There are 2 protein chains.
Amino acid sequence: MAYTQAQANRFNSKLTSQCQNCSLAALCLPIALVDEDVNRLDQIIERKRPLKKGELLFRQGEKFDSVFAVRTGTLKTFNLTGNGEEQITGFYCPSELLGLSGIDNDIYPVSAKALETTTVCEIPFSHLEALSEQIPSLKRQLFKIMSRKICNDQDMMVLLGKKSADEKVASFLINLSDRFKRRGYSATAFRLSMSRGEIGNYLGLAVETVSRVMTRFQKNELIQVEGKEITLINIEDMQKLVGKNEECDSILKFE
Amino acid sequence: MAYTQAQANRFNSKLTSQCQNCSLAALCLPIALVDEDVNRLDQIIERKRPLKKGELLFRQGEKFDSVFAVRTGTLKTFNLTGNGEEQITGFYCPSELLGLSGIDNDIYPVSAKALETTTVCEIPFSHLEALSEQIPSLKRQLFKIMSRKICNDQDMMVLLGKKSADEKVASFLINLSDRFKRRGYSATAFRLSMSRGEIGNYLGLAVETVSRVMTRFQKNELIQVEGKEITLINIEDMQKLVGKNEECDSILKFE
DNA sequence: TCAGTTTATTGATTCAGATCAGAAAACGAC
DNA sequence: GTCGTTTTCTGATCTGAATCAATAAACTGA
């Protein structure tokens, strides 16, 4: 059931030529499918109307039926704790997949909200599952995507449990940088679509601490801050700061 | 492809009558398989020789080829950070599955070590994957297990990022209690197979803090501590302490 | 455009939990 | 059993980040 390199290339060129296929990229980029399979996959994907900033894509407790691939914009997932405050569990950039945690109970355990105008593709999970029966490499890919999510979350657990404020913020920025880079954007200059408050919430820090760390990083010429625009000036020293180790280079990997 | 309740019952009784099938329980308990499928699943599972305390089941960086179901005993998974110290990412009790995070890169991203004499069943992932092609409900179950793991890890992230030392320790004890209960053991009296140090490492706390919190809990008559033996005296107040909310009753769910 | 609101920054103070230090208990090997 | 090691407990001190407080900057919408 192996696909040839030629097929893989055909698939990749098809992907890049079809802008609306960001969602396919999210699902398949590392694997090779024949055109016919790509078309079958494309057929089950629905493009949704854009979400405005603040709109919910799905709500905690709602029935699960789809996973979503981000096409443009950014979302956050969060849940509401006992006393009503929100706890952010992740940020999702273009080409990333969200909603996987709903499979377990057929209910989304978190809500997803757009941080800016955002477009997503909806992938009904029952269709995806059915299709994965016919395309073994797709099933394998789904397992891999979920496994990667587990790895990333565990890295995040280490970050939250053991790292200092400096290390947390540095890891966060480097992680974003990696994700932008992977999508072909600048790894050194980008815009934070989330507020300092949301960063702090996600990293287990107070807003003030996030702000202080970032100004300190600026003073030490690690980064350049202009409101939400960030430029990483000295990535090497930042990476030293996060204490990333060699063999497992994946503090906070891409979803 | 739905199975009848009768079939489910047959499956369950088969499971409970066959002690060595803890591993089957780990994989399938919530789903119903016909006998034939149970047998096929049973065939791919290998029982391994027992691990002595301190022995490694697999090692960070090693090639991934199997997931494991714990039959008796307990394991921890951990990785080594840049400066050589270990970071525990999970504890695994009987009937729980570990190794799923290896699927992503075909390499285990963590090591797994026995905390006491431990027996496990090895489930070669390629066989499991092949079998899941023939048994759709098994594939669905694998997705669910991985999704549940993602949910649990996210709860853990909230715990690490936002909770106080008291809340962390209380959540940990309640989580263990739930896991023992689910397996039919006492939910109120059990033995901690991990040291205070390991609990602290896992929860992002110093050993001394774990010790202090537990003695304080004892003074407040929430628990009874006798070395590694723990009795939960007042679970209701403990649950209040962790601030668990109603709709999402899963602070630190079972893997 | 400007008032009203949210978000970000900066400083002063406080506190939960880390770290340091030492005693007591438990465990393991012989 | 006994010695040596590891684990656990308890107290005293220190510190990183939270909290409190106030200002400045950036949006928002009429």
Side-chain angles (χ1 to χ4, degrees), chain A residues 52-55 74 76 83 85-88 113-117 159-173 191-220 223-230 241 243, chain B residues 52-55 76 83 85-88 113 115-117 159-173 191-220 223-230 241 243:
Chain A
K52 286 202 290 277
K53 179 173 175 171
E55 271 189 284
T74 324
K76 67 176 173 186
N83 46 49
E85 58 182 314
E86 86 178 34
Q87 166 60 46
I88 297 174
K113 184 181 274 189
L115 295 180
E116 55 195 320
T117 304
L159 184 85
L160 290 168
K162 288 275 185 305
K163 306 291 187 75
S164 68
D166 282 11
E167 291 171 320
K168 286 179 178 180
V169 174
S171 296
F172 180 73
L173 293 176
R191 185 168 194 287
L192 298 176
S193 43
M194 65 295 289
S195 71
R196 304 283 193 275
E198 286 167 326
I199 296 172
N201 182 302
Y202 178 61
L203 296 177
L205 296 173
V207 205
E208 297 94 325
T209 305
V210 175
S211 184
R212 273 187 255 269
V213 170
M214 286 178 71
T215 44
R216 185 144 30 79
F217 280 1
Q218 170 146 259
K219 282 206 186 80
N220 298 345
I223 62 174
Q224 174 82 32
V225 187
E226 275 159 67
K228 307 217 152 193
E229 301 294 337
I230 298 281
L241 199 60
Chain B
K52 286 201 290 277
K53 178 173 175 171
E55 269 189 286
K76 66 176 173 184
N83 45 50
E85 57 183 313
E86 86 179 33
Q87 167 60 47
I88 296 173
K113 185 180 273 189
L115 295 180
E116 55 195 319
T117 303
L159 184 84
L160 290 169
K162 289 273 187 304
K163 305 292 188 73
S164 68
D166 282 11
E167 290 171 320
K168 286 178 178 180
V169 174
S171 296
F172 180 73
L173 293 175
R191 184 166 193 288
L192 298 176
S193 43
M194 65 294 290
S195 71
R196 305 283 192 273
E198 286 167 326
I199 296 172
N201 182 302
Y202 178 61
L203 296 177
L205 296 172
V207 205
E208 297 93 326
T209 305
V210 175
S211 182
R212 273 187 256 268
V213 169
M214 286 179 71
T215 44
R216 186 145 29 80
F217 280 2
Q218 170 147 259
K219 281 206 184 81
N220 298 346
I223 63 174
Q224 175 81 32
V225 186
E226 274 160 67
K228 307 218 152 196
E229 301 293 337
I230 298 284
L241 199 58

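In the text below, chain A, chain B and the rest are named by the order of the sequence lines, each starting its count at 1. Bear in mind the structure is a predicted one, so any value in this text is a computation, not a measurement.
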Can you list everything that forms a side chain to side chain donor-acceptor pair (under 3.5 Å) with B:K52? Sequence neighbours excluded, please.
none
Heavy-atom contact window of chain B on DNA chain C, given 5' to 3' at under 4.0 Å
C:dG17 to C:dC20
Distance-only, no hydrogens or angles: does the A:K163 side chain make a donor-acceptor pair with backbone N or O of A:V169 under 3.5 Å?
no
Spell out, as yes or no, whether a donor-acceptor pair under 3.5 Å connects the side chain of A:K168 to the backbone of A:G200.
no
Between protein and nucleotides 22-30 of chain D, map the contacts as a letter string: B base, S sugar-phosphate only, - none, heavy atoms under 4.0 Å, written 5' to 3'.
---------
Go through the steps for A:M214 and A:I230 under the test side-chain contact (heavy atoms from CB on, under 4.5 Å), then give the verdict.
CA-CA 10 Å; A:M214 286 178 71; A:I230 298 281; 3.2 Å; yes
If you define the side chain from C-beta out and look only at heavy atoms, does anything of A:M194 sit under 4.5 Å from A:I88?
no
Among all residues two or more places apart in sequence or in another chain, which pass the side chain to side chain donor-acceptor pair (under 3.5 Å) test with A:E208?
none
If an axis is fit to five pairs at each end of the helix from C:dT1-D:dA30 to C:dC30-D:dG1, what is the angle between the two, to the nearest 10°?
60°
Students often get this wrong, so: under 4.0 angstrom with heavy atoms, is B:G197 touching a base, only sugar-phosphate, or nothing?
sugar-phosphate
In chain order, what residues pass the side chain to side chain donor-acceptor pair (under 3.5 Å) check against B:S164, with sequence neighbours excluded?
B:E167
Pair B:L160-A:L159, side-chain contact (heavy atoms from CB on, under 4.5 Å): steps then yes or no
CA-CA 9 Å; B:L160 290 169; A:L159 184 85; over 6 Å; no
OP1 or OP2 of D:dT7 less than 4.0 angstrom from a side-chain nitrogen or oxygen of B:S211, does that happen here?
no
When rounded to whole Å, the CE to P distance for the pair B:M214 and D:dT10 reads 12 Å
Residues in side-chain contact (heavy atoms from CB on, under 4.5 Å) contact with A:A170, at least two apart in sequence or another chain
A:F217, A:M238, A:L241, A:V242
Steps toward side-chain contact (heavy atoms from CB on, under 4.5 Å) verdict (B:L205, B:I199):
CA-CA 8 Å; B:L205 296 172; B:I199 296 172; over 6 Å; no
Return the set of residues passing side-chain contact (heavy atoms from CB on, under 4.5 Å) with B:Q224 (not counting sequence neighbours), or none when no residue passes.
B:Q218, B:E226, B:T231, B:I233
Got a sec, which pairs hit salt bridge (charged side-chain N to carboxylate O under 4.0 Å, His left out) with one end in residues 191-201 of chain B, sequence neighbours left out?
B:K76-B:E198, B:R191-B:E229
Every protein N/O within reach of nucleotides 14-18 of chain D N/O, cut-off under 3.5 Å:
from, atom 1, to, atom 2, distance (Å)
D:dA17, OP1, A:A165, N, 2.7
D:dA18, OP1, A:G204, O, 3.4
D:dA18, OP1, A:A206, N, 3.2
D:dA18, OP2, A:A206, N, 3.2
D:dA18, OP2, A:T209, OG1, 2.2

Can you sort out the partners of B:T209 under side chain to side chain donor-acceptor pair (under 3.5 Å), two or more places apart, ordered by chain and number?
none
